[in-house]
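Written out below as structure tokens is the structure these notes cover.
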Amino acid sequence: MAKIKPSKGAPYARILGVGGYRPTRVVPNEVILETIDSSDEWIRSRSGIETRHWASPEETVAAMSVEASGKAIADAGIEAAQIGAVVVSTVSHFSQTPAIATEIADRLGTDKAAAFDISAGCAGFGYGLTLAKGMVVEGSAEYVLVIGVERLSDLTDLEDRATAFLFGDGAGAVVVGPAKEPAIGPTVWGSEGDKSQTIKQTVSWDRFRSGDVSGLPVAADGTIKFPAITQEGQAVFRWAVFEMAKVAQQALDAAGITADDLDVFIPHQANVRIIDSMVKTLKLPEHVTVARDIRTTGNTSAASIPLAMERLLATGEAKSGDTALVIGFGAGLVYAATVVTLP
Amino acid sequence: MAATQEEIVAGLADIVNEIAGIPVEDVKLDKSFTDDLDVDSLSMVEVVVAAEERFDVKIPDEDVKNLKTVGDATDYILKHQA
């Protein structure tokens, strides 16, 4: 039997750089109120959202990703050619074949980096980060680019008063590379497929194409409404706050730290009420900085954690070397939590 | 030992006070959580989870929407408590 040479990776991995891109167009609640019967006060009190960004036709999934990634690569102090793999998490890229990651890898100037997309909803960033850490430590890539990117405005029913105000567009990216000390803790992740119907697309693509309107939301012209993301608000809220607080605690335990050791908490930016309740349930100490980027960015699914991380670092609310707990959770239902050292 | 109707109302009053800041004396059987007590749909979930812990009862998501008043919640807990 031939002897196979083992791969050689780095002892540990860390996030070396972060970058974000928010579309130019800022959309205030007043615009949302043109199509739903609600109020600015109601939207703010239920979600915390004041404004969100919606992408223009030119701000494609690839274009936003390239912008965010360029900043992350510069922040990491490396060259695009050093990147060995590009992982893109998205649910709102409308061409399934080929993966959008390959175009992004090419436009960034990588040297034929491995590139693929993943679908893990709002936990996508944590899933991508976990894959990246594995690649760096296992040795299949020295540097990995992880991108969370969404154009959720394309999957929003503007006439649904429960979700019309919720979603935004944007891209966030991090570069993961080798480290001498542990800087990404063990990931606590999983799925609960028995709750798969609590957050979902209103209509599957094949059913939409069939044109059979029976039992489905109908547009003004009598055809099936374009697919949008819908959710069971109360069920999702309960799961996100109380079940995810347990997962967050498990991630702290797995990293061998307590809430007192944390500097920053960056949960998926789903809803400020979920964030506030999680903070309360987790009994986070006063000194922990909590990301509430949702107020001006909306819920950007897989992009929300890197976007919030980038903003906290840019505003000085968090600093390089801080210890942060990140947790993503969403459609699947899926979740991923880990403790990281900020770049 | 199972809680009495009086104990449940008092417990719910504490919970609603803690979550929505409503004075405990305002929490009465005929009060609607949303219309009278300023408990919106998301706060209602927090009230339900707190009530589950306090009264050792399970209140599934599909039943939460039927609990319109303090009386509805009290009856539910009386019937389902362990």
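Numbers restart at 1 for each chain; the letters A, B, ... are given by sequence-line order, proteins then strands.
- Summarising the geometry, atom OG1 belonging to A:Thr156 is positioned 7.0 Å from atom CH2 belonging to A:Trp54; distances are rounded to the nearest 0.5 Å.
- For the residue pair A:Ala254 and A:Pro186, the shortest heavy atom distance occurs at O-CG, 3.4 Å.
- Residues of residues 16-31 of chain B placed with any heavy atom under 4.5 Å of a heavy atom in chain A are absent; none qualify.
- Residues A:Gly330 and A:Cys122 share a closest heavy-atom pair of CA-CB, 4.0 Å.
- Counted by atom type alone, A:Glu41 and A:Ser39 present zero donor-acceptor pairs between their side chains at under 3.5 Å.
- Under 3.5 Å, the side chains of A:Glu150 and A:Thr300 contain no donor-acceptor pair of N or O atoms.
- Looking at A:Asp40 and A:Arg44, a side-chain N of the basic residue comes within less than 4.0 Å of a carboxylate O on the acidic one, giving a salt bridge.
- For the atom pair CD1 of A:Ile327 and CZ of A:Phe265, the computed distance is 6.5 Å after rounding to the nearest 0.5 Å.
- Between A:Arg273 and A:Asn271, the shortest heavy-atom distance links the atoms N-OD1, 2.7 Å.
- With values rounded to the nearest 0.5 angstrom, A:Leu282 atom CG is found 11.0 Å from A:Met244 atom CE.
- Contact annotation for residues 32-59 of chain B against chain A (heavy-atom separation below 4.5 Å, listed by residue number): B:Asp40, B:Ser41, B:Leu42, B:Ser43, B:Met44, B:Val45, B:Glu46, B:Val48, B:Val49, B:Glu52, B:Ile59.
- Within residues 160-170 of chain A, no residue has a heavy atom under 4.5 Å from a heavy atom of chain B.
- A:Arg46 contributes atom CZ, which lies 8.0 Å from atom OG of A:Ser38 (distance to the nearest 0.5 angstrom).
- Within the 3.5 Å criterion, the main-chain N or O of A:Ile294 finds no donor-acceptor partner in the side chain of A:Thr297.
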Would you be so kind as to tabulate the donor-acceptor pairs closer than 3.5 Å made by side chains of residues 193-204 of chain A, with sequence neighbours excluded?
{"from": "A:Lys195", "atom 1": "NZ", "to": "A:Glu192", "atom 2": "OE1", "distance (Å)": "2.5"}
{"from": "A:Ser196", "atom 1": "OG", "to": "A:Gly193", "atom 2": "O", "distance (Å)": "3.2"}
{"from": "A:Gln197", "atom 1": "OE1", "to": "A:Lys200", "atom 2": "NZ", "distance (Å)": "3.3"}
{"from": "A:Thr198", "atom 1": "OG1", "to": "A:Lys195", "atom 2": "O", "distance (Å)": "2.8"}
{"from": "A:Gln201", "atom 1": "NE2", "to": "A:Val203", "atom 2": "O", "distance (Å)": "2.8"}
{"from": "A:Thr202", "atom 1": "OG1", "to": "A:Ala228", "atom 2": "N", "distance (Å)": "2.9"}
{"from": "A:Thr202", "atom 1": "OG1", "to": "A:Ala228", "atom 2": "O", "distance (Å)": "3.3"}
{"from": "A:Ser204", "atom 1": "OG", "to": "A:Asp206", "atom 2": "OD1", "distance (Å)": "2.6"}
{"from": "A:Ser204", "atom 1": "OG", "to": "A:Arg207", "atom 2": "N", "distance (Å)": "3.3"}

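- Residue A:Arg22 holds its CZ atom at 4.5 Å from CG of A:Leu307, rounded to the nearest 0.5 Å.
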